[in-house]
Each structure stands twice: as structure tokens, then as C-alpha cells.
Amino acid sequence: MDYQSSIIGDSNPMDNLEKQLICPICLEMFTKPVVILPCQHNLCRKCANDVFQAGNPYWQSRTSSISGGRFRCPSCRHEVLLDRHGVYGLQRNLLVENIIDVYKQDYSSRPLKKEKHPMCKEHEDEKINIYCMTCGIPTCSMCKVFGAHKDCEVAPLQNVYQGQKTELSGCIAMLMAGNDRVQTIISQLEESCKAVEDNSRQKKEALQRTFDTLGEILEEKKNDLLQRIAKEQEDKTGFVQSLIQQYREQLETSSKLVEKAIEAMDETVVAAFLMNTKQLIKTILDASKGCQLEKTEPGFENMDYFTLDLDHIVADLRTIDFGTGDEDEEEDVDEEDNDTEDRESTEGRTEGQL
């Protein structure tokens, strides 16, 4: 309903229809046969062939040994793939061809419109009706007879019009073929850019995994070394704590003997003093003889033997870089040369012995 109302409301629907029947290549009304592209746009088959031939110069005819080709729709840039028949393998749009026939019949029955004809700037009452081939500009007959173009070669406008229109159509086809090639290059560059991005991503992930593995190895080694230090600390502190306990027990025993000796010194009865003193003195002497407990050696608390010398490893880590593989290949070649020399010297000695 909306489409019908827009047609009815249009002051000149035939003019609007004519715009829909213009070929985007030659800019003229479609010339039969009209072919329809997979994207549903239409072209004159001749124009389609001109574009196809410009983009596929090695495809000569339907009998060519080269199979198929491609070109892009001038309206939407959709890529059209053709088989070995070229544009002759495209389907004809009979509906558009019938509409063109109906339009031409209606157009021929309508009165001709009075078109505004360009006038000569030098002779305002003269229409431009000839083309100066020497100067390459349209002009009027008066200019040829009396004016600036009297010594120039001229030709009818219609003859030059047809020639230049054909030339312009060829230029359009050439430009579109060039655009197709540029679009192909752009697509290739985009694919190359995507490949670079994919390869870079893969290499980044591989590098990350490598350094994660190195980190895991270092973490595992660190934990192992820390456990060894902790074990040494535990053994040493345990030994020292046991010595401290032994010395405390000795100190406690000695303190008790001191208390007994002081009590004995306070005894005023001589007989009582002598009865206990001899045994007490013997106990003190025995305790003094047995007080030689174990001690720690000098430097016992030192842990310097757990020091790591990583300067060479740090230097090697700083030299980490991406390898090209050339060095490995050179080493393989050197090894092969050495093997060859060894075999030759062995064979020489064998021949000398014989």
C-alpha cells in the first residue's frame, strides 16, 4: 500500500522508473540482454563483460582454457564469482528487459520534451552544434565560419558524443577493475595483518608459558632451599636448647648444695656440724667434678654456607633473547665436518698399515 501510494503521489512516475533502469556502468538505460548478479543488482551484459575483461585480462572468450574469474558489483562491491562461461553464465533478468520494452513504448508515445540547448558564449543566438577536434571543445557554426575556430577541424556533436561516451564507459570499467584489484590487495593486507596478530598472540602465549615454567622451577627450588635452612635452624636451636636445659638443671643442683652448705655453716653444735659436713663436702666435690658439660664450638651459629652464588646465572638470564636457529645449524655443520675429518684420518691410517 505504501509503495502504491508513493507511485500515485509522484508527479512523474515514469521519470522515477527511468532512474531505476540506468546501468551503473554506461549510465544509460539497460541494453538487452540484461544480467542479474547474485547480489540482485542488474547490468548490461556488455558492460558486465567489459568490467570482467578489465579485471581478468587473460580470460579471452567463452572458449578460453582459463576457467572462471571474478569481479565486483559496481553498486554494492559484492564479489561475483563466474564459471568458465564468464558473464554469459549469468542469468538474464527477463523482467527488467520486459519493463524496458514497456517503458520505451510509453516513452515513444509521449510528446518530446523541449530540452534547454547550450548556447555559444561568443554568439548568444547560436546553439552549440559542432565539436572542434583541434581545440577539443564544443562550439557553434558561427565560430567555425567567422570566429576563433575557422581554421580548426570540426565534427558533428553526435559523432564525438558516441565516441567519448564509449571511451568514458571504458574508463569506468577500467576504474572499477582497478578498484577490484585494490580491494583484493586490501583484503590480502587485512589477512596478513590478522595473521601477524594471530602469530604474535601465539608467541606471547608460548613466551608466557615458558616464563611461568621457569617461575615454577625457581619457586620449587626456593622452597627446597628454604626447607634445608629451616631444618638446619631446627637442629641447631634444638641442640642449644638441650644444652640450656642441662645447664639449668646443673645450676639448680648447685644452688641447692649452696643452701645446704650455708645451713651447715650456721650449725653451732660442733659434733652435729662434723657429722654432716664430711658427706656434704664430698657431695659438693663430686658435683664440681661432673659439671663439665658440652659446649658449642666457635662459629656454631654461623649460616654462611647457605649463601648462593648466582652471579653467573643472573648474567645468563640477562642474555635471554629470541634465537634464530642459525647457531644450531652452524654447530651441526661443524660436527658433521669434524666427523668427516675423523673418518678420513682413520681411513688414512688403515691404508698406511696395509
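Atom set for the values below is all heavy atoms of this structure, side chains included, hydrogens, waters and symmetry mates excluded.
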* Structure fact -> d(Met176 CE, Cys47 SG) to nearest 0.5 Å is 10.0 Å

* Is there a donor-acceptor pair closer than 3.5 Å between any side-chain N or O of Asn98 and the backbone N or O of Leu94? -> yes

* pair His85-Leu90: side-chain heavy atoms closer than 4.5 Å -> no

* **Which atom of Phe30 lies closest to which atom of Ile22, heavy atoms considered** => CZ-O, 3.7 Å

* **Cys135 side, atom SG; His149 side, atom NE2 - distance, nearest 0.5 Å** => 5.0 Å

* To do: Please answer: with hydrophobic residues joined when any side-chain heavy atoms are less than 4.5 Å apart, are Ile320 and Val314 in the same cluster?
  => yes

* Sub-3.5 Å donor-acceptor pair from the side chain of Glu97 to the main-chain atoms of Val34, do we have one? -> yes

* Measure the shortest side-chain to side-chain distance between Asp180 and Glu79 over non-hydrogen atoms and say whether it is less than 4.5 angstrom. => no

* **Pairs satisfying ring pair (Phe, Tyr, Trp, His ring centres under 6.0 Å), at least one member in residues 219-244, at least two apart** => Phe239-Phe300

* Identify the heavy atoms of Cys152 and Ala148 that sit nearest to each other, and give their distance. => SG-O, 4.4 Å

* Any idea which heavy atoms bring Val160 and Ala155 closest together, and the distance? -> CG2-CB, 4.0 Å

* Any donor-acceptor N or O pair under 3.5 Å, side chains Asp198, Gln202 -> no

* To do: Find the distance between CE (Met265) and OG1 (Thr277) and round it off to the nearest 0.5 Å.
  => 9.0 Å

* Structure fact -> Rounding to 0.5 Å, atoms CD1 (Ile217) and CG (Asp212) come to a distance of 11.0 Å

* Mind checking whether Leu95 and Ile100 sit in one hydrophobic cluster, side chains of I, L, V, M, F, W, Y counted as touching below 4.5 Å? -> yes

* Flag side-chain contact, heavy atom, 4.5 Å: Pro24 against Leu43 -> yes

* **Pairs where residues 153-203 contributes a residue and the test ring pair (Phe, Tyr, Trp, His ring centres under 6.0 Å) is met, not counting sequence neighbours** => none

* Asked: What closest approach, in Å, do Pro38 and Val80 show between heavy atoms, and which atom pair accounts for it?
  -> CD-CG1, 3.9 Å

* Asked: Should Lys236 and Glu301 count as an ion pair when the cut-off is N to O under 4.0 Å?
  -> no

* Donor-acceptor contact present, side-chain Ser254 to main-chain Gln250, <3.5 Å -> no

* Is atom CE of Met303 surrounded by more than 12 heavy atoms (other residues, nucleotides or ligands) closer than 6.0 Å? -> yes

* Common cluster, Ile229/Leu308, ILVMFWY with side-chain heavy-atom separation under 4.5 Å -> no

* Asked: Can you pull the side-chain hydrogen bond (donor to acceptor under 3.5 Å, both in side chains) pairs that have at least one residue in residues 131-140, sequence neighbours excluded?
  -> Tyr131-Gln164

* Spatial distance of atom OH (Tyr247) from atom CG (Leu243) [nearest 0.5 Å] -> 6.5 Å

* Asked: What about Leu251 and Leu257, same hydrophobic cluster or not, with Ile/Leu/Val/Met/Phe/Trp/Tyr joined at side-chain heavy-atom distances under 4.5 Å?
  -> no

* Asked: Does a sphere of radius 6.0 Å around CE in Met275 hold more than 12 heavy atoms from other residues, nucleotides or ligands, not counting ones at 6.0 Å or beyond?
  -> no

* Structure fact -> Tested for side-chain contact (heavy atoms from CB on, under 4.5 Å) against Glu219, the lone hit among Lys222, Glu216, Lys221 is Lys222

* Can you find a pair of side-chain heavy atoms, one from Pro138 and one from Ile130, that are under 4.5 Å apart? -> no

* Do the side chains of His78 and Arg72 get nearer than 4.5 Å, heavy atoms only? -> no

* If you measure from CG on Leu218 to CZ on Phe211, what distance do you get to the nearest 0.5 Å? -> 10.5 Å

* Got more than 12 heavy atoms from elsewhere within 6.0 Å of CD, Glu205? -> yes

* **SB check Glu263 Lys260 (cutoff 4.0 Å)** => no

* Minimum-distance pair of heavy atoms, taken over all atoms of Leu280 and Ala261 -> CD2-CA, 3.6 Å

* **Pairs flagged by side-chain hydrogen bond (donor to acceptor under 3.5 Å, both in side chains) wherever residues 31-47 is involved - sequence neighbours left out** => Lys32-Asp101, Asn42-Asn93, Lys46-Asp50

* Asked: Hydrophobic cluster mates of Leu81, side-chain heavy atoms under 4.5 angstrom, ILVMFWY only, any path?
  -> none

* Can you find a pair of side-chain heavy atoms, one from Val240 and one from Thr296, that are under 4.5 Å apart? -> yes

* Look at the side chain of Ser192 and the backbone N and O of Gln188, then say whether any donor-acceptor pair between them is shorter than 3.5 Å. => no

* Among residues two or more places apart or on two chains, list those pairs meeting salt bridge (Lys or Arg N to Asp or Glu O under 4.0 Å) that have a residue in residues 238-252. => Glu252-Lys256

* State plainly whether the residues Arg228 and Glu232 are in salt-bridge range, i.e. N to O under 4.0 Å. => no

* Connected via hydrophobic side-chain network under 4.5 Å: Leu37 and Tyr88 -> yes

